[in-house]
Amino acid sequence: MTAKTTTAGVAYDVHGDMSETDRRDAAMKGFVREFGAIAAAHMESCVRCGMCANACHFYVATGEPAYTPINKLRPFEQAYHRHAGPFAPIYRMLGIVPSVTVEKLEEWQRLIFDACTLCGRCTLACPMGIDIAELIKEARHGMYKAGLIPERLQLMDRTTKAWGSPATPAEDFADIINEAGEEFGVTMNVDLPKADYLVTVAPAELSEHTKALADVAKIMNRMGLSWTYHSEGFEASNIGYLNGDTELQEKMTRRIIDTAIKIGAKTLVLPECGHAYGAARWEAARWYGGDIPVRVIHMTEFLQEAVNSGKIKLNKIDATASFHDPCQLVRRGGVTKAPRDVLGKLGVTVKELQNHGSLGVCCGGGGGVVSNVRADPIRFKAFELKRREVEDAGADRFVTACGQCRITLTLGAKHFNWNKKVESLLELVADNLAD
Amino acid sequence: MDLLDFARGPALYFALAVFALGTLWRLLGILLLPWGLIRSPAREGSPSPFSSALKGIVVKLWPHKEFMAGGFFTFINGYIFHLGLAIVVFLFVPHILFIKNLFGISWPGLPSNVIYAVGVITAVSLIAAIANRMTSPVLRLISRVDDYISWVMTFLPVLTGLLAVSHLGARYETLIALHILSVAAFFVWFPFGKLMHAFLFVFSRAMTGVRFGHRGAQL
Ligand code: SF4
Ligand code: SF4
């Protein structure tokens, strides 16, 4: 990897040995390759009204016009018109749309990776209904192919390829699970040959949030379910989904789904992780060419089922709480009611943030941004939007259902010496199981 | 052949031909691409793709209040000139007669003085739109040449129409000829720039409507 800066002083990272032309062509191919009717209709429909700017936390927090969502696609828009659009041959012949230069791609690395969390709020603001977030995700496919992604994301990519997870080698997985079981006094199931539920994890749970591993076990055991963790398929966060490495995305998706099929699981439970939900719940079928013989649900949906079915009873917490809506789970996933149902069963009165549900403001760390230190300054600015809303809502507690959001918000709180704990919904449930 | 005959004869027919063929080409160029419809199972109880598509088209008529703070002017002004254009184009009696001559269909119109007033409002609104585009840092950054050409192509017919109705600047026949020529230019440009959104919005919104409906997510 080489860290460089463009002539305009914008930092970017480059990976692999490629000539500039090859790099550019790889980016174009990676982007244009899978072009379908939906992406094309969206690339063609922009009227440059600027409404999307009002939706993006990075623009709102900084007032920097470059952070206008549609601007993040600019080189790719150019590539689309030159190589894939209906008038591409004419444009090329007349030289109306020039080729994208590699410098432009380098400059845009900051906008496509550092300044976009793939949160999709812009999609809700666009009067033309353009799914801008999805297009930025596709632009990342091109950037990955060109070796133009931030170093931290590349590192996680390499580690995941080698280990099967960005957090730990697969060989160590069972040990981590068993240690968490001992530490928190819970019976763990790992690598069982057969189970109805395959439980998967996110990297944070293998490092900072190991209690979550035990919390799930505690609830599953209490419900008397047949469940297991499994060393062959445990990592659900799917780095390929956010860094643009589609091959890795496919591999990671197949790994968990195949493991579920192998052990005869009917349900695959995703961890408290938003991107895991995007990758496994909504995109997995793409790699299988059709329906998957396993039900894929998020931890929050699992908790909702658990409390609604009456299989677990909860002690009432007499408190108010605000819920931070993880973007991939709520806005882009449709799981808006489940966390509120669960909070309700805990006896918690929800004091909604000013922007909540599908319009909630992103934590600022999704899409790999929290791992990318280069983005720290704007991430902290975006955090201030959230902090203001939490303070205005004035609830006792602050809860969310995504480990990455939790880490991002906790880092923000620490940075500003803000004394508010960011809690996990799963943990709240596990800690309040009634006898 | 004088200018007026040229304008409502060859010029207009040429323009309509470019408009029809270009629009068809662009739409087919998009819609004939693979649709990639393999999807994970829909959320239980999610609406049919058809109603999600309709919902997408309708919901997007009105911005969420959360985005009004920064987008109020764009939203209001956008509505003013779109409605203004629709009223002037389709409810001005001479336009209706013109369309009747071309296609044989007609409908009742509005009094000329009402149309004139709407025309002036539309022109002012279009000027406000371009002023906003040229001064707002966000819009300046994201604007393309297309945005300015499309503006000119929209503004000229409004301007020449107003001049013709008020008999200002030249002989009436010349003004009408210029008006028709500006409309012809509008049609020629239509398929190549963002004016196409008049058709594309249906597809773009419907597709996102279906994507979100499938997931049980709110648009
Ligand atoms: S809101 Fe939509 S149409 Fe408007 S500038 Fe952004 S992407 Fe383009
Ligand atoms: S997806 Fe979110 S972060 Fe990315 S441009 Fe849109 S609003 Fe901004």
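We name chains A, B, ... by the order of the sequence lines, and we start the count at 1 in each one. What's counted below: heavy atoms across the whole structure, side chains too, no hydrogens, waters or symmetry copies.
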Which atom pair, heavy atoms only, marks the closest approach of A:Arg48 to B:Asp147? NE-OD2, 3.0 Å
Specify the closest pair of heavy atoms between B:Phe67 and A:Leu359, including all atoms of both residues, with the distance to one decimal. CZ-CD2, 3.5 Å
Answer yes or no: is there a donor N or O on one side and an acceptor on the other, between the side chain of A:Arg332 and the main chain of B:Ala217, under 3.5 Å? no
So which residue, A:Gly36, A:Ser358, A:Ala125, ends up with the most heavy-atom pairs under 4.5 Å with chain B? A:Ala125
Would you say the side chain of B:Arg211 lies within less than 4.5 Å of the side chain of A:Asp131, judging by non-hydrogen atoms? yes
Write down the atom of B:Thr74, the atom of A:Cys49, and the distance for their closest heavy-atom approach. CG2-O, 3.7 Å
Compare every heavy atom of B:Leu33 with every heavy atom of A:Ala37, then report the nearest pair and how far apart it is. N-CB, 3.6 Å
Before giving the answer on side-chain contact (heavy atoms from CB on, under 4.5 Å), spell out for A:Glu301 and B:Arg43 the whole-Å C-alpha distance, their side-chain angles and the decisive distance to 0.1 Å. CA-CA 12 Å; A:Glu301 293 172 294; B:Arg43 177 168 306 290; 3.1 Å; yes
Could you give the distance from CZ (A:Arg74) to CD1 (B:Ile142), rounded to the nearest 0.5 Å? 9.0 Å
Residue from A:Arg331, A:Glu44, A:Met51 scoring the most non-hydrogen pairs under 4.5 Å with chain B is A:Glu44
Could you look at A:Ala55 and say if it's the side chain, the backbone, both or neither that has a heavy atom under 4.5 Å from chain B? both
A:Val335 portion near chain B, given a 4.5 angstrom heavy-atom threshold: both
Closest non-hydrogen atom pair between B:Leu200 and A:Ser45, with its separation: CB-OG, 3.5 Å
State, to 0.1 Å, how close B:Glu66 and A:Asn355 come at their nearest heavy-atom pair, and which atoms those are. CG-OD1, 2.9 Å
Which one wins on heavy-atom pair count under 4.5 Å against chain B: A:Gly333, A:Gly357, A:Cys46? A:Gly333
Separation of A:Trp282 CH2 from B:His214 NE2 (nearest 0.5 Å): 5.5 Å
